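Only one structure is covered here, and it is reproduced in the block below.
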Amino acid sequence: MPESLAIGALEQSFTAARTFNKFTDDPVDDATLHRLYDLFKWGPTTLNSQPLRLVFVRSAQAKERLKPALMPNNVDKTMAAPVTAIVAYDSRFFEHMATQFPAMPGMAGLFANSAAFAQETGLRNGSLQGGYLIIAARMLGLAAGPMSGFDAAKVNETFFPDGRWRANFLVNLGYGDPSGNHPRGPRLDFDDVVRIE
Ligand SMILES: Cc1cc2nc3c(=O)[nH]c(=O)nc-3n(C[C@H](O)[C@H](O)[C@H](O)COP(=O)(O)O)c2cc1C
């Protein structure tokens, strides 16, 4: 049976990991963004559907385009973050299924025939992949600050005008400055959350 990762790995990804609001001035280069994708892309999705799509908003010009969509409490930290990932999903993710899940070529048709099923599957798996992204970032030594406080319609209009990709949530990324962290919140107990049947 495989063994658990070392305690340090568990701390860095979960127990000691925090949501970051402030980052150092160190930039996040293209190689690091590639490394991040090449790690989290291996997380599982329904029928290997991989609906997540990303825009890494890094230039000052692109940040200015994002700014009007941010809720006021998210503006300063997002404008200051080295990178802000727009975690989106492709509403027509199933068009890649022939190559990504060749074992069941007919499945793409199920999604093509039901926008509701495609939306549910896209959002579910795109959200899962967004979670993988956050934990993968921590594993690589990056810090993440996820946010849902923004106007998705505005982001869609600005970044995805053809309507195919749809914004889900945002994640500020960089090298963490813990001076911006809020006090650690508690977590619900096992018995509040879990039933074993
Ligand atoms: C999907 C998602 C949306 C969030 N939205 C916001 C947000 O809009 N603004 C903000 O300041 N924090 C936001 N947060 C941060 C959470 O409040 C934070 O992750 C949580 O309290 C746990 O903090 P910890 O990781 O430091 O324990 C969001 C987190 C997630 C995962």
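Whatever order the structure lists them in is the order used to number ligands and atoms, beginning at 1. Quick caveat, the model's predicted, so the values are computed rather than measured. We count residues from 1, following the sequence as given.
Close approach of ligand 1 to Arg184 (heavy-atom distance below 4.0 Å) involves ligand atoms 24 (P), 25 (O), 26 (O), 27 (O). Residue Arg187 approaches ligand 1 through these ligand atoms, each under 4.0 Å from one of its heavy atoms: 22 (C), 24 (P), 25 (O), 27 (O). Residue Lys77 has at least one heavy-atom neighbour below 4.0 Å for each of these atoms of ligand 1: 10 (C), 11 (O). Numbered from 1 in the order shown, with element, the atoms of ligand 1 that lie under 4.0 Å from a heavy atom of Pro146 read 4 (C), 5 (N), 6 (C), 12 (N), 13 (C), 14 (N), 15 (C), 28 (C), 29 (C), 30 (C), 31 (C). Using a 4.0 Å cut-off to heavy atoms of Asn74, the atoms of ligand 1 that qualify are 7 (C), 8 (O), 9 (N), 10 (C), 11 (O). Each of the following atoms of ligand 1 lies closer than 4.0 Å to a heavy atom of Thr19: 15 (C), 18 (C), 19 (O), 22 (C), 23 (O), 24 (P), 25 (O), 26 (O).
The distance criterion of under 3.5 Å between nitrogen or oxygen atoms is met by Gly149 with respect to ligand 1.
At least one protein heavy atom sits closer than 4.0 Å to atom 28 (C) of ligand 1. Shown here, atom 24 (P) of ligand 1 is in close reach of the protein: a heavy atom of it lies under 4.0 Å off. In this structure, atom 17 (O) of ligand 1 is not in close contact with the protein, since no protein heavy atom lies within 4.0 Å of it.
Closest protein heavy atom to atom 5 (N) of ligand 1: Ser148 N, 2.9 Å.
At distances below 3.5 Å, at least one donor-acceptor pair connects side-chain atoms of Lys63 with backbone N or O atoms of Ala81.
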Hey, mind stepping through Leu54 and Val87 against side chain to side chain contact (heavy atoms under 4.5 Å, CB included) and telling me if it holds? CA-CA 5 Å; Leu54 278 177; Val87 176; 3.9 Å; yes
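Considering all non-hydrogen atoms of both residues, Arg18 and Arg138 come closest at O-NH2, 3.6 Å. Closest approach of Phe40 and Ala136 over heavy atoms only: CB-CB, 3.7 Å. Considering all non-hydrogen atoms of both residues, Pro44 and Leu128 come closest at O-CD1, 4.4 Å.
Contact check on Arg92 versus Glu95 returns a salt bridge, with a Lys/Arg side-chain nitrogen under 4.0 Å from an Asp/Glu carboxylate oxygen.
Between Phe117 and Phe111, the ring center distance clears the sub-6.0 Å criterion.
Both the sub-6.0 Å distance and the 45° axial angle are not jointly satisfied by Arg166 relative to the ring of Phe160.
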